[in-house]
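Counting from 1, the numbers follow the sequence of the chain as shown. All heavy atoms count here, side chains included; hydrogens, waters and symmetry mates do not.
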Amino acid sequence: MSSLTDRYLAATLRAVPTQRRTELADELRASIEDMIDDRAGGGQDRGAAEREVLTELGNPEQLAARYTDRRLQLIGPRYYLVWWRLLRVLLTFIPAIVGVVTGVVKATVGGEPGAAIGAGVASGLQTAVQIAFWVTLCFAVLERTDTSLNLPAWTVDQLPEETRERQVTLVDSCASIVFLLIAIAFLPWQHFQPWLSGDGSRLAMIDPALWNFWLPALIVVLVATMGLEIAKYRAGRWTWPLVAVNAVLNLSFAVPLVWLLLTDRLLNPALIERFAWLREGGAEDVAQIATVVTAVVVVWDVIDSAVKARKAAD
């Protein structure tokens, strides 16, 4: 386990511009060691002296703001960090959830699949604005009325265990999971919603025969990928086992997809028959473009995860 001083320095330097981190790290470490030595020279236990010094220095984010002359004030300094932390958490997942739910309801219950994406995006943006406004207003009122939230004082026990900065943030993980949920929801949605309204018939984009095996198999891979995102966030960074699992899941999704595309088994035959441009070579063009895009995405994702794992291991 890292020493308290190492953890305190790591927590402080995360909020400092990269170009100043080395300079401030040396300066702050020397100051902390001097204060600890002074107390230890007076007979105090060194471990107790370290905790006492760090507690007196206070919240690392506030100390970093003082070092960089950055004002922690929008509604007032008293609750700024609490406000900012709560706002980030709420904006991470609530607008995305509201947007997805609105889009699904618009497409299914409302019977307007064409307007589903626009409705979902608009709803998500409106939710984000409402959250930002009302949370800020509440904290502004608390600040101006000098209302105490009886929050516990900062202690060194709140320092993160890790001294390295996280590679995988909560925002990234939530965004990836929301994207995967949309991909999973798209498969049954495209099957049940009408693509052509001329005669009221329902034509799925993907061949309905694939529900016998391939589409459920692809959904299982997407669900497993969501599990990988959760494991990656818990680890905080890419590791080589996670890179291996990521590569296997990428190939498990990409290989069947490319095979179905190149063998003309992915698109619904009835849909191809309905559109002349698909019958006259458009389907082959779509398959080739989708194959190239899939291959590029998979190769890039595997290489990117391996590079990040190597950096994390250094």
Side-chain angles (χ1 to χ4, degrees), residues 1-92 132 135-136 138-173 233-237 311-314:
M1 182 181 294
S2 303
S3 71
L4 286 177
T5 299
D6 290 336
R7 290 162 55 191
Y8 189 89
L9 286 171
T12 303
L13 295 175
R14 286 191 184 105
V16 172
T18 305
Q19 62 270 22
R20 296 198 58 194
R21 289 182 182 177
T22 302
E23 169 196 349
L24 292 179
D26 295 338
E27 179 182 341
L28 184 55
R29 183 182 292 276
S31 298
I32 292 174
E33 290 178 352
D34 288 343
M35 289 187 285
I36 293 174
D37 290 340
D38 289 343
R39 295 171 189 259
Q44 187 176 7
D45 176 73
R46 192 169 184 83
E50 182 181 30
R51 294 183 66 89
E52 195 173 286
V53 166
L54 298 179
T55 301
E56 288 182 2
L57 287 174
N59 191 315
E61 293 177 283
Q62 292 178 335
L63 182 62
R66 292 198 296 270
Y67 267 108
T68 56
D69 296 324
R70 180 166 54 91
R71 291 172 63 87
L72 297 180
Q73 189 167 337
L74 174 65
I75 55 175
R78 184 177 185 183
Y79 294 131
Y80 178 88
L81 292 175
V82 180
W83 163 80
W84 181 234
R85 191 173 297 114
L86 176 62
L87 191 62
R88 282 185 300 177
V89 171
L90 295 178
L91 291 178
T92 296
V135 170
T136 302
C138 289
F139 276 95
V141 171
L142 292 173
E143 184 81 27
R144 296 301 184 269
T145 57
D146 198 27
T147 302
S148 175
L149 295 179
N150 295 320
L151 298 174
W154 183 87
T155 67
V156 294
D157 295 323
Q158 298 176 25
L159 288 171
E161 295 289 343
E162 291 285 345
T163 59
R164 294 178 295 178
E165 190 171 357
R166 292 183 64 92
Q167 281 185 331
V168 183
T169 65
L170 182 60
V171 174
D172 293 337
S173 298
Y233 174 74
R234 292 179 61 119
R237 58 187 42 83
K311 288 181 179 179
D314 291 340

What distance separates [X] [atom1] from [Y] [atom2], expressed to the nearest 0.5 Å?
X    : Y    : atom1 : atom2 : value
Y79  : S148 : OH    : OG    : 4.5 Å
R29  : T12  : CZ    : OG1   : 11.0 Å
E61  : Y80  : CD    : OH    : 9.5 Å
Y67  : L28  : OH    : CG    : 4.5 Å
M35  : E52  : CE    : CD    : 11.0 Å
D157 : R51  : CG    : CZ    : 4.5 Å

Short question: side chain of [X], backbone of [Y] - any donor-acceptor pair under 3.5 Å?
X   : Y   : result
Y8  : I32 : no
R46 : A40 : no
E50 : T5  : yes
R21 : V16 : yes

* For side-chain contact (heavy atoms from CB on, under 4.5 Å), just list the numbers for F139 and L86, CA-CA rounded to whole Å, side-chain angles, deciding distance to a tenth of an Å, and then say yes or no. => CA-CA 11 Å; F139 276 95; L86 176 62; 3.8 Å; yes
* **Intermediate values then yes/no, side-chain hydrogen bond (donor to acceptor under 3.5 Å, both in side chains), S31 and D34** => CA-CA 5 Å; S31 298; D34 288 343; 5.7 Å; no
* Answer yes or no: is there a side-chain heavy-atom contact under 4.5 Å between R234 and V168? =>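 A side-chain contact under 4.5 Å is absent here.
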* **Non-neighbouring partners of E56 that pass side-chain hydrogen bond (donor to acceptor under 3.5 Å, both in side chains), sequence neighbours left out** =>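 Result, side-chain hydrogen bond (donor to acceptor under 3.5 Å, both in side chains) vs E56: R39.
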